[in-house]
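This report refers to the structure that appears directly beneath it.
Just so you know, these numbers use all the heavy atoms, side chains as well, and skip hydrogens, waters and symmetry mates.
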Amino acid sequence: MHSNKFSSSLNRRSILKALGLGTASGILGIAGGIPSLKAAGIENKVHNAGLPPLKIKSVKAIGTAPQGANLVVVKVETTEPGLYGLGCATFTQRAEAVVSAINNYMGDFCIGKDVDNIEDMWQSFFVSSYWRNGPVLNNALSGLDQALWDIKGKRANMPVYQLLGGKSRFAVDCYAHADGKSPEEVSDNVQKYIDEGFQYVRIQQGGYGSLYLAQKPDFKDAGFGIPSDDFMDENAYLQAVPKMFKEVRKRCGESIELLHDTHERVQPMNMINMCKRLEEYNPYWIEDPVTPENMDWFKQLRASTTVPFAMGELFNNQNEFVGYMADHSFDYIRCHLSQIGGITPAMKVARLGEFFNVKSGWHGPGDVSPVGHAAQCHIDLAIWNFGVQESIQFSDKLIEVFPGTPVLKKGYLYVNEVPGLGVDIDEKMAAKYPINNKAGHWTIRKRDGTIIRP
């Protein structure tokens, strides 16, 4: 027993001496380079045991619209046969511009580079065009970034959430969308989602801004704008929202978490007054209370109401979140993942939010591909400061094009528990649903024709 202890002690001293710790000669040895463990009689059996170098072989954009919205996915192929990654690059309103950026510029930038160096790749692509922070190039960058994380997970034989720190929860809690043309209809739809197991429901009455309530658009009578331009009556909307909340609370109870999206269409002072009326109905969040151009109003918003806010859907850069989170301006990170460049910057924003008790609430509508939804879910599983995740109903067509799409069950999203992001693409099926050049319709006017920023 004593001899074994002595032998172990001697061996430890030999190792420390060989490593040059605690002696002048050791310090000099470190200055000349760290000595091998062989000097202590120990073989370094893990030397060069890492993954072999792997390069990017090709990169391309895949556009598809199986559920109506234009979706863009980046496919990165590697020098290892059969190993590739997918990433969401969807900017649905300018999908063809993103496809062009990927197919005409990205290959020259990244072919031949090491797939493992994600941070370096992100930083270098971000500045490679010099002009930056635009949604087209950020979405292209997101596609590349998510695809590289997908590849890293496959190489490591782990789901991406494991690479981000492992699970903080068993699944991803989601909110559903309940709409209707009356408070009673909205309440009925909320109850349906409650019966399906949802704990969170976003409520809208006739879509964003309740456009159906608007009457007599004078600008149309005057021939101003074009016939398809929408009209919003801000006052009618402001009166409708508190009535909607009141009815839903009355009929569906206090347990269900209720969210609402103003979509930046209300003037700041009017937003303050409406939110004060909503306080008694305890909303989980009010989303996008002001436009990005009116962010300085958050100081007065915070001072005037206790309603929680979600903000950031139109932010293009991860740095836009920093000051507002430090000031506790809003409570939830309402961020379009591909808009800011993918998983890499989103994790930085999420980690920063933890220090200021700001939770996640990633933007997850129908114009995010299943690859993008999966990327968000992997982050949701890993971070501590998760709030709630927006969800959609994935159609059979979408699932057919994207095998491995996350599964929505009883209000929770579950990722495909395989290495990487877990979502693949059937390129032949995707080609059956080509994208189009329809730019989207976001032209909304006041009664006199003045543009409302959505």
Side-chain angles (χ1 to χ4, degrees), residues 68-70 90-95 97-98 133-136 138-139 175 177 179 181 202-215 217-220 224-241 244 259-275 283 285-298 301 309-317 320 324 330 332-340 361-368 390 392 437-454:
N70 290 329
T90 299
F91 177 16
T92 195
Q93 291 88 354
R94 298 294 185 270
V98 177
N133 295 335
V136 172
N138 276 10
N139 273 277
Y175 72 79
H177 298 266
D179 207 326
K181 291 295 181 68
R202 194 178 82 177
I203 56 175
Q204 309 290 143
Q205 189 172 322
Y208 303 129
S210 302
L211 301 186
Y212 79 101
L213 295 175
Q215 305 292 323
D218 294 340
F219 71 88
K220 291 193 175 185
F224 191 79
I226 60 176
S228 61
D229 290 348
D230 285 324
F231 167 46
M232 176 181 168
D233 185 331
E234 184 175 348
N235 185 60
Y237 167 73
L238 291 168
Q239 297 304 315
V241 173
M244 173 183 66
L259 303 76
H260 178 70
D261 186 2
T262 68
H263 229 274
E264 305 142 358
R265 299 183 182 191
V266 175
Q267 288 298 300
M269 286 304 298
N270 291 335
M271 176 58 60
I272 289 171
N273 290 329
M274 185 183 78
C275 286
W285 81 35
I286 297 300
E287 181 181 342
D288 292 336
V290 295
T291 66
E293 296 84 2
N294 280 315
M295 290 297 294
D296 286 346
W297 277 88
F298 260 107
L301 277 168
F309 295 114
M311 190 69 198
E313 183 176 321
L314 289 182
F315 288 2
N316 288 307
N317 188 296
E320 292 179 76
Y324 298 110
F330 49 78
Y332 297 93
I333 303 163
R334 187 63 175 155
C335 172
H336 193 84
L337 212 66
S338 63
Q339 184 83 355
I340 64 166
W362 312 118
H363 188 228
D367 55 339
V368 173
E390 182 175 11
I392 64 166
N437 199 30
K438 294 180 180 178
H441 186 64
W442 290 100
T443 304
I444 308 144
R445 299 182 183 274
K446 298 180 181 179
R447 192 180 307 277
D448 65 355
T450 303
I451 288 290
I452 296 173
R453 291 178 176 172

So how far is it from N294 CG to L301 CG, rounded to the nearest 0.5 Å?
-> 9.5 Å
Can you name the nearest heavy-atom pair linking Q215 to R447, along with the distance?
-> O-NH1, 2.9 Å
Go through the steps for V241 and M274 under the test side-chain contact (heavy atoms from CB on, under 4.5 Å), then give the verdict.
-> CA-CA 8 Å; V241 173; M274 185 183 78; 3.8 Å; yes
Do the rings of Y237 and H260 sit parallel, tilted or perpendicular, given the 30° and 60° boundaries?
-> parallel
At their closest point, which heavy atom of G366 faces which heavy atom of A69, and how far apart are they?
-> O-CB, 3.8 Å
Name the orientation class of the two ring planes belonging to W442 and H263 (parallel below 30°, tilted from 30 to 60°, perpendicular beyond 60°).
-> parallel
Enter the distance from D448:CG to F219:CZ here, rounded to the nearest 0.5 Å.
-> 9.5 Å
Side-chain contact, heavy-atom cut-off 4.5 Å: K220 with P227?
-> no
Roughly how far, to the nearest 0.5 Å, is the CG atom of L213 from the CG atom of L238?
-> 11.0 Å
Classify the side-chain pair T90/D367 by whether it contains a donor and acceptor separated by less than 3.5 Å.
-> no
Please tell me if the side chains of L314 and Q339 come closer than 4.5 Å, counting only heavy atoms from C-beta onward.
-> no
So, is the end of the K181 side chain (NZ or CZ) under 6.0 Å from the ring centre of Y212 and within 45° of the ring's axis?
-> yes
Taking the side chain as C-beta and beyond, is there a heavy-atom pair between Q204 and D261 under 4.5 Å?
-> yes
Please tell me if the side chains of M311 and F298 come closer than 4.5 Å, counting only heavy atoms from C-beta onward.
-> yes
Going by heavy atoms in the side chains, are E390 and H177 under 4.5 Å from each other?
-> yes
Find the distance between SG (C335) and CD1 (I340) and round it off to the nearest 0.5 Å.
-> 3.5 Å
Rounded to the nearest 0.5 Å, the CD atom of E234 sits from the NZ atom of K446 at a distance of 6.5 Å
To the nearest 0.5 Å, how far apart are CG in L211 and CD in Q205?
-> 12.0 Å
Is E313 close to E287 at the side-chain level, that is, under 4.5 Å between some pair of heavy atoms?
-> yes
Would you call the rings of W285 and Y175 parallel, tilted or perpendicular, where under 30° means parallel and over 60° means perpendicular?
-> perpendicular
When you check the side-chain N and O atoms of N138 and N316, is any donor under 3.5 Å from an acceptor?
-> no
How about N139 and R94: do any of their side-chain heavy atoms sit closer than 4.5 Å?
-> no
Could you tell me whether D288 and R334 make a salt bridge, using a distance below 4.0 angstrom between a side-chain N and a carboxylate O?
-> no
Work out which heavy atom in P289 is nearest to a heavy atom in A310; give both atom names and the distance.
-> CD-O, 3.9 Å
If only atom types and distance count, is the side chain of D229 paired as donor or acceptor with the main-chain N or O of T443 below 3.5 Å?
-> no
Can you find a pair of side-chain heavy atoms, one from T450 and one from R445, that are under 4.5 Å apart?
-> no
